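Working notes, structure below.
What you see is a predicted model; the values in this text were computed from it and never measured. This chain uses plain numbering: 1 for the first residue, then up along the sequence. Note that ligands are numbered from 1 as they come in the structure, with each ligand's atoms numbered from 1 the same way.
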Amino acid sequence: MDQTSLQLLLSLLSVLSCTTDQARLTLSPSSSQFFEGDFVSLSCEEDDSSAGWTLRRNTTRETRTQCGPDWGTSAGSSCNIRDLFPSDSGVYWCESREGATSQSINITVSGGAVILQSPVLPVMEGENITLICRTQTSSDLPAGFYKHGSLIIDRPTGHVTILHVSKADEGVYRCNIRGHGESPPSWISVTEKPATASAPTTAPPPPPLLHVFLTVASVCGLVLLVLLVLLVRRHVQRKPKAAEDDAGEHPITYSEVNTFNQKEQRSRRSRDFQAEPDVVYSSLR
Ligand SMILES: *[C@@H]1O[C@H](CO)[C@@H](O)[C@H](O)[C@H]1NC(C)=O
Ligand SMILES: *[C@@H]1O[C@H](CO)[C@@H](O)[C@H](O)[C@H]1NC(C)=O
């Protein structure tokens, strides 16, 4: 592996670790509604504590206020709220120093006698959920459950379980206990199952023969490409050499041989001629 691809891999890993650096907001007890005077503990469950996650909320009176002296008691990554008031009703979420946010949750604090305990976090499609309608002292009184203002079911024991929830079950729910009163409304949200989770089971695998054919075809294509490149390179390298060969193989015409021979003969003759006087001269001496 060369250096550039190593750097690419490292930057990819850092991007991935950045995107997984998130916080999850959990609350205990897990309920969408509380009675006045109840206690709740909210936590930012974080992957990276150095990101500095803090709990914030919007209520009808305040916006983006932080868990602190005005409301709640910070305890590590948790925020505890003792003695809930109806004015603590609102949207709660975790936020990092960089401004990243967790999912948000709605909390309703009732000043009345009845609350509906429903999932506070979005429910995954196909899961079962249980709704409990209760007073401060009892959770098994006969109760009626309503969705968007219409009665969906009357239960003698104060709770109902909805099996295999679907997107159609999403909505605003409330309940009523005769002789005690009605709960505030709460929104139940259902998230669709991610499509990728069901894709591998539904998508048929490609037929093996086609797969083999495609593999062979792509390998052949690659080999052909390599051969082509090699051929072109050889041709380019051979060109000057071939020109030399051509010149060498070019048949010598008779006239050329003649002139060559004549020239040589002439030069030989002139050498002879020049040599002769020397000889003559020396012989004269
Ligand atoms: C809180 O209130 C501010 C200002 O109204 C708004 O911009 C923000 O989206 C709210 N946050 C949530 C989680 O509802
Ligand atoms: C909070 O409640 C409002 C309406 O009351 C709703 O539109 C919103 O989706 C709820 N948020 C969550 C996270 O349930």
Practice task
Please check if any side-chain donor atom of S138 sits under 3.5 Å from a side-chain acceptor atom of D140, or the reverse.
Solution key: yes
Handout entry: Test item: side-chain donor near acceptor, S189 and E170, under 3.5 Å
Key =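 No, no side-chain donor-acceptor contact under 3.5 Å.
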Practice task
Verify, without hydrogens or angle tests, whether E95 (side chain) and S102 (backbone) share a donor-acceptor contact under 3.5 angstrom.
Solution key: no
Completion exercise
residues 115-128 vs side chain to side chain donor-acceptor pair (under 3.5 Å), sequence neighbours excluded, gives S32-S118
Practice task
Tell me the residues surrounding ligand 1, counting only those with a heavy atom closer than 4.0 angstrom, sorted by chain and number.
Solution key: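 Answer by chain and number: N58, T63, V91, W93.
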Problem - F85 atom CZ, over 12 foreign heavy atoms within 6.0 Å - result: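 It does not: F85 CZ has 12 such atoms or fewer within range.
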Exercise for the section: May I ask you to check if R57 and W71 form a cation-pi contact, with NZ or CZ under 6.0 angstrom from the six-membered ring centre and within 45° of the axis? Expected result: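 The answer is yes, since R57 meets both limits relative to W71.
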